[in-house]
Amino acid sequence: MRLISICPSNTEIIEFLGLAPQLVGIDDYSDWPASIQHLPKLGPDLDIDMEKVEALQPDLVIASLSVPGMEKNVEQLRKRDIPHIVTNPQSLFEIGRSLEEIANACGISHKGRLLAESYEAQLERFRSASARIGSRPSVYWEWWPKPVFTPGSVNWLTEISELAGASNVFKDKQTANYQTDWEEVRERNPDFILLSWVGVRLEKINPAIVLKRPGWSHLSAVQQQRVSVMEESLFCRPSPRLISGLDKLSKLVHPEIFQEIELDPLFQNIHL
């Protein structure tokens, strides 16, 4: 099959399914695995060049509504009658279903089920360990600094926080993405501040930036030196690479509990 992925998370799922050699084009932001970087780039995920897509004559284009604004691309795929599927995972459970959905569309249903089972079994190991934890520190995830966006309750990062023995300080907001401000974060006084800006590489984020925000120097997380920059690629994309992010977070928050958990080889060594 000639496959095209127009968002990073689906490109990563395609790699986990062993289908990366069948990719003939990708969006500009897909950066894992390294083996795909020679492929034609079709534009940023919210502004895909459909002329280039058509020219590559794909058997299937894989899009995702987990990327806000992807609807425009999906409409163009429909208008041009380009074969496509659209995933929309917002939770860890739904990511497992996306694995199977893409596998089914590519004719490898059995492999998709096996991968989904391995993914869910790995999550269950963290779930069992976190169930033994009583005191759960609060964590503040920052997806974007200005305006400030953070995940609410309907988001995989809230689930990952729980599996790591922590609690999203904005889990009371019944939405996937919540726009807040520096003052509200200050009032909630999180135990950990986790900076993971969407589309921004790790080395471009300076954690010292929080000291410039009014009143933030007095926050518990700042006083305890619990401000961390977390890889966008391991936390902000709904793909199985979240397992590696969960492993990192759990060992940051509760190293005494989670050091005993070893990742399945399938989910090891999946950093850039």
Side-chain angles (χ1 to χ4, degrees), residues 1-90 94-95 97-109 111-112 115 143-144 147 149 155-156 176-177 196-204 231-242 270-272:
M1 283 183 87
R2 294 176 61 83
L3 301 177
I4 287 176
S5 171
I6 57 174
C7 76
S9 59
N10 281 343
T11 304
E12 293 167 8
I13 288 176
I14 288 169
E15 164 66 8
F16 275 100
L17 290 169
L19 296 172
Q22 297 183 36
L23 283 168
V24 296
I26 53 175
D27 66 281
D28 289 0
Y29 299 139
S30 286
D31 54 12
W32 186 88
S35 61
I36 65 169
Q37 294 310 303
H38 68 286
L39 293 172
K41 302 293 196 300
L42 304 174
D45 53 9
L46 298 185
D47 192 20
I48 297 296
D49 187 330
M50 289 297 163
E51 298 292 336
K52 290 183 179 180
V53 171
E54 281 192 304
L56 289 171
Q57 299 181 315
D59 296 306
L60 186 67
V61 176
I62 306 174
S64 178
L65 294 180
S66 66
V67 180
M70 181 64 74
E71 292 85 354
K72 182 179 72 170
N73 291 326
V74 173
E75 181 61 24
Q76 285 300 311
L77 291 168
R78 288 178 183 145
K79 283 184 177 180
R80 294 168 181 260
D81 200 27
I82 299 173
H84 66 279
I85 61 170
V86 185
T87 64
N88 188 20
Q90 298 296 332
E94 290 172 353
I95 292 168
R97 300 292 70 77
S98 289
L99 291 171
E100 296 188 85
E101 183 180 358
I102 294 173
N104 292 344
C106 295
I108 55 169
S109 300
K111 189 166 186 177
L115 178 59
W143 267 359
W144 199 249
F149 278 96
N155 190 278
W156 59 82
N177 302 291
S196 188
W197 297 350
V198 177
V200 180
R201 296 182 66 86
L202 199 68
E203 62 272 14
K204 298 293 185 179
E231 296 93 330
E232 180 265 353
S233 61
L234 298 183
F235 292 96
C236 299
R237 303 175 185 178
S239 91
R241 293 183 79 201
L242 288 172
I270 57 177
H271 292 67
L272 287 176

J.: Is K41 reaching over with its side chain to a backbone N or O of Q37, donor-acceptor style, under 3.5 angstrom?
T.: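 Yes.
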J.: Salt bridge check: are K72 and E75 linked by an N-O gap of less than 4.0 Å?
T.: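 E75 and K72: not salt-bridged.
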J.: Could you measure the distance from the CG atom of L23 to the CD1 atom of I36? Nearest 0.5 Å is fine.
T.: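 Between L23 CG and I36 CD1, I get 6.5 Å after rounding to 0.5 Å.
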J.: Quick one: pull up CG in L42 and CD1 in I4 and give me the separation to the nearest 0.5 Å.
T.: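 So the CG of L42 and the CD1 of I4 are separated by 5.5 Å.
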J.: Looking at E15 and I13, would you say the former's side chain and the latter's main chain have a donor-acceptor pair under 3.5 Å?
T.: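 Looks like no, no N/O pair under 3.5 Å.
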J.: Nearest heavy-atom pair of E101 and V86: which atoms, and what distance?
T.: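 Shortest heavy-atom contact: OE2-O, 3.6 Å.
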J.: Under the side chain to side chain contact (heavy atoms under 4.5 Å, CB included) criterion, do R78 and H84 qualify, and how do the steps go?
T.: CA-CA 8 Å; R78 288 178 183 145; H84 66 279; 3.7 Å; yes
J.: Quick check, are the ring centers of F235 and W143 under 6.0 angstrom apart?
T.: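 No.
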J.: Can a donor-acceptor pair be found, under 3.5 Å and without considering hydrogens, that links the side chain of N73 to the backbone of D45?
T.: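 Side chain of N73 to backbone of D45: a pair is present.
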J.: Test salt bridge (Lys or Arg N to Asp or Glu O under 4.0 Å) on R97 and E94 and set out the steps.
T.: CA-CA 5 Å; R97 300 292 70 77; E94 290 172 353; over 6 Å; no
J.: Check the pair V67, I6 against side chain to side chain contact (heavy atoms under 4.5 Å, CB included), reporting the backbone distance first and the verdict last.
T.: CA-CA 10 Å; V67 180; I6 57 174; over 6 Å; no
J.: Under the salt bridge (Lys or Arg N to Asp or Glu O under 4.0 Å) rule, collect the residues that match up with D59, sequence neighbours excluded.
T.: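 None.
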J.: Check N155 against A176 and note the closest heavy-atom contact, atom names and distance.
T.: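 Looks like ND2-O, 3.4 Å.
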J.: Rounded to the nearest 0.5 Å, what separation is found between the CD atom of Q76 and the CE atom of M50?
T.: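 With rounding to 0.5 Å, CD (Q76) is 6.5 Å from CE (M50).
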J.: Please determine if R80 and E51 form a salt bridge, counting it only when a charged side-chain N lies under 4.0 Å from a carboxylate O.
T.: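 Salt bridge flag = yes for E51 with R80.
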J.: Which distance, rounded to the nearest 0.5 Å, do you find between the CH2 of W32 and the OG of S233?
T.: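 W32 atom CH2 to S233 atom OG measures 10.0 Å (nearest 0.5 Å).
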J.: In sequence, state the C-alpha distance, the side-chain angles, and the governing distance for L17 and C106, and then conclude on side chain to side chain contact (heavy atoms under 4.5 Å, CB included).
T.: CA-CA 10 Å; L17 290 169; C106 295; over 6 Å; no
J.: Could you walk me through whether S109 and E100 pass side chain to side chain contact (heavy atoms under 4.5 Å, CB included), step by step?
T.: CA-CA 7 Å; S109 300; E100 296 188 85; over 6 Å; no
J.: Please find the pair of heavy atoms, one from C236 and one from W156, that lie closest to each other, and give the distance.
T.: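 In this case the closest contact between C236 and W156 is O-CZ2, 3.5 Å.
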J.: Which residues pass the side-chain hydrogen bond (donor to acceptor under 3.5 Å, both in side chains) test with E232, sequence neighbours left out?
T.: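 Partners of E232 under the side-chain hydrogen bond (donor to acceptor under 3.5 Å, both in side chains) test: R237.
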J.: Could you report the tightest heavy-atom contact between C7 and D27, atom names first, then the distance?
T.: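 In terms of heavy atoms, the two residues are closest at N-OD1, 3.1 Å.
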J.: Supply the atom-to-atom distance H38 NE2 to I26 CD1, rounded to the nearest 0.5 angstrom.
T.: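 Result: 8.5 Å between the selected atoms.
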J.: So S66 and S9, do their side chains get closer than 4.5 Å, heavy atoms only?
T.: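 Sidechains of S66 and S9: in contact.
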J.: Between N10 and S64, what is the shortest heavy-atom contact and its length?
T.: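 Minimum heavy-atom separation between N10 and S64: ND2-CB, 3.5 Å.
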J.: Report the distance from atom CD1 of I102 to atom CD1 of I108, rounding to the nearest 0.5 Å.
T.: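 Result: 10.0 Å between the selected atoms.
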J.: Take atom CD of E203 as the centre, draw a 6.0 Å sphere, and report whether it contains more than 12 heavy atoms from other residues, nucleotides or ligands.
T.: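 Atom CD in E203 is crowded, with more than 12 foreign heavy atoms closer than 6.0 Å.
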J.: Report yes or no: does R2 contribute a side-chain atom to a donor-acceptor pair with the main-chain N or O of V24 at less than 3.5 Å?
T.: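 Not confirmed, R2 side chain does not pair with V24 backbone.
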J.: Check whether Q22 reaches the backbone of M1 with its side chain - one donor and one acceptor, N or O, closer than 3.5 Å.
T.: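 Yes.
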J.: Give the minimum heavy-atom separation between I48 and G43, together with the two atoms involved.
T.: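 Shortest heavy-atom separation between I48 and G43 comes out as CD1-O, 3.5 Å.
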